[in-house]
Amino acid sequence: MRNGARAVEEAIRKANERGEAALIPFIEGADPSLEVTAELLWALEEAGADVIELGFPFSDPLADGPIIQEAAQRALKNRPTLSDFLALVENLRQKGFKTPIVIMGYLNPFYRFGLENFAKQAQKAGLNGAIIPDLPLEEAKPWLKIARRYQLAAVMLAAPTTPPERLARIAQNSSGFLYYVSVTGITGARNKLPEDLALKLDLARELSPVPVGVGFGISRPEQVAHLANFADAIVVGSAIVKIIAAHLKKPASLVKAVRDFVTELKAATKR
Amino acid sequence: MALPDKRGHFGPFGGRYVPETLMPALFELEEAYRRFKRDRTFKKELDFYLKTYVGRPTPLYPARKLAATLGGHLKIYLKREDLTHTGAHKINNTLGQVLLAQKMGKKRIIAETGAGQHGVATATAAALVGLECVVYMGAKDTVRQEMNVFRMELLGAKVVPVYSGTQTLKDAINEAIRDWVTNVETTHYVIGSVVGPHPYPMMVRDFQSVIGRETRRQILQSEGRLPDILIACVGGGSNAMGFFFPFVNDQSVQMIGVEAAGAGLDTDKHSATLTVGEPGVLHGMLTYLLQDQVGQIKGAHSVAPGLDYPGVGPEHAFFKETGRATYVAVDDQEALAAFRLLSETEGIIPALESAHAVAYLVKIAPKLPPNTIVVVNLSGRGDKDVAAVREYLKGKGDA
């Protein structure tokens, strides 16, 4: 049985050894359909994604800005289930899909599915872990225990409001990587990232035993190029989802548009 | 042991299921709340406003004509929260929270509102204390409740329509949380019910407990004993929790929370979260929710806009599990009939929400033994509902 959490961490470390930050693109699963999601995942792998964050849509995405909210609404029209997502990942793995995939979703669908049941099936399917943004450290104990048992990455989040002592505790409990939220706010492109972000990332990397990925608000290759010097991994979400939204009526060029953009982002991760 | 525990759990329910960005703010809020709760000056100031501004204590009214109509064998009392400033119990909580926010040095108040009652009560308290106020309201609700939008604007608040999701209360809460995540350092989020992440369910309960404390004192004065039954409506559950809580240790007092069965429990149009929902996580808490098979949250419905919420306070979930309170549901028709009954028999037009509590009393009255003392929490007045009820009765060819 493969170790999902270790695969995530290793993928990031390997990129770092090549003199790059790891790139973690995000797409919302089932937006616009699960079939397109499968094509997009292949495109992300080809474009050089080091790890992929696959969103599971939720009716009430309270940490997300308008772009991902709308993607969730589109995806929910397909009435996706976690079982569908697990089957999709399993199918990709059977066809030789290499890139580690972590699912990103709000707690309730996992809770409903049963955390243990989910973890067991995730391991079997070849899913590497999960990011659950509404499961902070104080409530995460049962999940952390289960994730360890099934060798899944339980990626925890830290934010600009998190004091250093707390950040250290979160990082010690995080596996795969530590997700550092760049801005005090919700997901979505920002023209300017906080000025002290580089300093905060330095501190986070000093305190964290696992690699530190930075996300929220990062949309352009220049931003990626800048942050590549301060983070082990960089998550880009809304900017990709926006491209998908813009190509809904031109499905023929959708996958290529995403592949081209992510290729460009990946090129910018060179240090 | 006093609940919630240190981490905000009521048994398995409650907790703090929020993005990390908010966790430090929740710690700060909890710390400030625990400090000011014991602060004599703060208590004095809150009491002063509750008395001189809100109009407390509210009367405990013996509803003799209603009792006569229901068979004459019961002692029925109404706790008159409808007589408070702004017309509902909501002000007890908003005043407490806004004063607390001021003491914490926050410059800005945000709130969500469904029908607009909590929004109006928050805008009122913010105007009184002199803080900037922004209220998030589902776009559909801003149309249905345009008078309340105007009221909030008169009170100096900015009302922001929310177009995401179902465009109702739950989406307004999502948007308020998004604002709070973004402006957490300057802003206090005034949640309107005993819902959300810890410490909100505890704090809102405590601010609303003035209802139950007064009721206890008043009934002992007029009857010389505790009531047998307390009945209150439950949406998020703040009026019910404030009413029940001071009686929690009085095992002889039966507590009944009445949810909205809307168009019927066998339809998709109801808000009976405790009656037919299942545990899950939404808006920072583990509690009963209306949700589908895969854990997506469903829309809620009730003729009473204030009951229209797919979640419920975690302490109610706990009371349900332990059996300390009983939760039932009455439908739109029964609530409307009670709305008319109370208007006609007592000259009191209740809020449609409160009419649900009255309706359940009407339902069980024939089965209750003589001299049973029942107190119904009349959480709000019905002025806000008369237009909607008229439309409804017109549709039925009844007015």
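Predicted model, so just to flag it, every value in this text is computed and none were measured. Chain identifiers are assigned alphabetically (A, B, ...) following the order of the sequence lines, protein sequences preceding nucleic acid strands; residue numbering begins at 1 within each chain. Side-chain atoms are counted along with the backbone in the values below, which use heavy atoms only and exclude waters and symmetry mates.
Atom CG of B/Asp171 and atom CD of B/Glu112 lie 12.0 Å apart (nearest 0.5 Å). With rounding to the nearest 0.5 angstrom, the CD atom of B/Glu315 is 16.0 Å from the NZ atom of B/Lys320. Atom CG of A/Asp202 and atom NZ of A/Lys200 lie 12.5 Å apart (nearest 0.5 Å).
Per-residue counts of heavy-atom pairs under 4.5 Å with chain B were compared for A/Pro109, A/Ala140, A/Pro160; the largest is that of A/Pro109. When B/Ile297, B/Asp292, B/Ile177 are compared by the number of non-hydrogen pairs under 4.5 Å with chain A, B/Ile297 comes out ahead. Between chain A and the residues B/Gln291, B/Lys298, B/Glu175, the most heavy-atom pairs under 4.5 angstrom are made by B/Gln291. For chain A, the option among B/Phe27, B/Tyr163, B/Trp180 with the highest count of heavy-atom pairs below 4.5 Å is B/Phe27.
If you measure heavy-atom distances from B/Pro24 to chain A, the contacts under 4.5 Å come from the side chain alone. Heavy atoms closer than 4.5 Å to chain A are found in both the backbone and the side chain of B/Gln293. With a 4.5 Å cut-off on non-hydrogen atoms, A/Gln69 touches chain B through its side chain but not through its backbone. Only the side chain of B/Leu286 comes within less than 4.5 Å of a heavy atom in chain A; its backbone stays farther off. For A/Leu107, the part lying under 4.5 angstrom from a heavy atom of chain B is the side chain only. Of the two parts of A/Ile132, neither the backbone nor the side chain holds a non-hydrogen atom closer than 4.5 Å to a non-hydrogen atom of chain B. In this structure, chain A has heavy atoms under 4.5 Å from both the backbone and the side chain of B/Pro279. Heavy atoms closer than 4.5 Å to chain B are found nowhere in A/Phe216, neither backbone nor side chain. In this structure, chain B has no heavy atom under 4.5 Å from any part of A/Phe113. Interface remark: A/Pro163 contributes side-chain atoms only to the contact with chain B (heavy atom separation under 4.5 Å).
Taking the six-membered ring where tryptophan is involved, the planes of B/His283 and B/Tyr309 are essentially parallel, since the angle between them stays under 30° and well short of 60°. The aromatic rings of B/Phe13 and B/Tyr288 sit tilted relative to each other, their planes meeting at an angle between 30° and 60°.
Checking B/Asp179 against B/Tyr136 by side-chain atom types alone, a donor-acceptor pair falls below 3.5 Å.
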* To do: Assess whether side-chain contact (heavy atoms from CB on, under 4.5 Å) is satisfied between A/Leu127 and A/Gln121, documenting all intermediate values.
  => CA-CA 9 Å; A/Leu127 183 72; A/Gln121 297 199 33; over 6 Å; no

* Apply side-chain hydrogen bond (donor to acceptor under 3.5 Å, both in side chains) to B/Ser302 and B/Asp308, showing your working. => CA-CA 6 Å; B/Ser302 167; B/Asp308 203 336; over 6 Å; no

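No donor-acceptor distance shorter than 3.5 angstrom exists from the side chain of B/Lys107 to the backbone of B/Glu132, with no hydrogens or angles considered.
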